[in-house]
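See below for the structure under consideration.
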Amino acid sequence: MPELPEVEVVRRGLEPRTVGRIVESVEILDARIIRRQAGGADRLRGALTGTRLTAVARRGKFLWWRLADEDGQDTGEALIGHLGMSGQLRLRDPAPIVALPVATPSEGPAPDPLRHRRLTLHLDDGAAIDLVDQRLFGGLWTSPLAPARDGALAGQGSPDSLLPASAAGIARDLLDPAADLSAIARTIRSRRAGIKSLLLAQDLVSGIGNIYADEALWAARIRFDTPGARLSQRKVLELLRAAREVMERALEVGGTSFDALYVNVEGRSGSNHTDVYARHGTLCSRCGATIVREKYMGRSSHFCPVCQQKR
DNA sequence: CGGGCCCTGGAT
DNA sequence: ATCCAGGGCCCG
């Protein structure tokens, strides 16, 4: 499931091969993927056809391209996307889609990595950007730009403070130099909700999903259901720095993958190391206790019952 | 602030 | 046949 590090890996893969290119056509293979586009498929086609991609930026888990018209003028809109939990943006060279080698009958049919291709942007150099998404939680749509409130760069890779409206309610993430960790920590401490639900609140701090929330809480030795207000400023800062470190480390190794659902633009998986996530039943690497999985907020929470005590 | 919804396909 | 995975968004 793509969270901040995985989306950043994708952004970095897209940057050198898509910035400067013109979209020649938009191929929609499954209309259900364009749910979030105002005006629907026609509007998406109209906004992109003949339009140049001038930058690719990211805030939290949102990714967007800046757009310019034939004269090089900003269109005032971005092409923004979110991968949901199973979305992939894949770059395809000029060659047509090549099927994988045919499997022998005993092996059954070979899995086709593009089986769930929903939408393709064809670029002027013959390359293509495929949006592949098994569960259709992801999407790609246009959104008008407006200045970010604090005037700082809108996100990683952004040339200025202009932020797509669709990401206006998304807080800065922990890899953003303009993120104010002390302010985030103060807000967390003003809430009585469980700390994990606060870590996952994208309007408070963005980019963290279920995997990195569990990993950060383990690193900071905090139980998922501890009320934000029960934690000291120092402890919350420790947690935020832990979350940042876990995500930085994941970024260095190309993202975290638990299945074939997260891949970079070339279709390759990242690492799959975690300390607690999906490790229930195995031993805590810090104290040797057995890692537990518990339902919280309708999601699985993985934690060490000894290191992460109730407060 | 919690719960339901959107979705599909692999596991049980 | 049913459960489960879950980010974002909408609802009450």
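The shown structure was predicted, so the numbers you read here are calculated from the model rather than taken from an experiment. Chain letters run A, B, ... following the sequence lines, proteins first and then strands; every chain starts at 1.
- Toward the 5′ end of DNA chain B lies the nearest nucleotide of Ser197(A), the other residue of the pair Arg299(A) and Ser197(A) mapping further downstream.
- Residue His122(A) forms a side chain to side chain donor-acceptor pair (under 3.5 Å) with just one option from Glu24(A), Arg92(A), Glu27(A), and that option is Glu27(A).
- The nearest whole Å value for the distance from the CD atom in Glu3(A) to the C1' atom in dA5(C) is 13 Å.
- Between Trp141(A) and Phe137(A), the one whose closest nucleotide on DNA chain C sits nearer the 5' end is Phe137(A).
- One cannot find a donor-acceptor pair under 3.5 Å joining the base of dG8(C) and the side-chain atoms of Arg35(A).
- Between Arg135(A) atom CZ and dC4(C) atom P there is a gap of 14 Å when expressed in whole angstrom units.
- If you check dC9(C), dG6(C), dA5(C) against the side chain of Arg36(A), the one that comes closest is dC9(C).
- Checking the phosphate oxygens (OP1, OP2) of dG6(C), no side-chain nitrogen or oxygen of Lys295(A) falls inside 4.0 Å.
- Regarding contacts with the backbone of dG9(B), a side-chain N or O of His116(A) is found under 4.0 angstrom from either OP1 or OP2.
- Close to dG9(B), at under 4.0 Å from its OP1 or OP2, lies no side-chain N or O of Gln134(A).
- In this structure, Tyr296(A) does not reach the dG6(C) phosphate: none of its side-chain N or O atoms is under 4.0 Å from OP1 or OP2.
- Here the nucleotide nearest the side chain of Ala193(A), chosen from dG7(C), dC7(B), dC1(B), is dC1(B).
- Candidate nucleotides dC9(C), dT8(B), dG6(C) were compared by shortest atom distance to the side chain of Phe62(A), and dC9(C) ranks first.
- The pair Arg11(A)-Glu8(A) counts as a salt bridge, with a side-chain nitrogen and a carboxylate oxygen less than 4.0 angstrom apart.
- Under 4.0 angstrom from either OP1 or OP2 of dA5(C) there lies at least one side-chain N or O belonging to Ser300(A).
- Arg286(A) forms a cation-pi arrangement with Trp218(A), by the criterion of a distance under 6.0 Å to the ring centre and an angle within 45° of the ring axis.
- Distance Lys196(A) NZ to dG6(C) C1': 10 Å, rounded to the nearest Å.
- Leu63(A) pairs in a side chain to side chain contact (heavy atoms under 4.5 Å, CB included) with only one of the listed residues (Val10(A), Leu140(A), Leu79(A), Ile80(A)), which is Val10(A).
- Looking at Asp93(A) and Arg17(A), a side-chain N of the basic residue comes within less than 4.0 Å of a carboxylate O on the acidic one, giving a salt bridge.
- Atom CD1 of Ile170(A) is separated from atom P of dG7(C) by 13 Å (rounded to the nearest Å).
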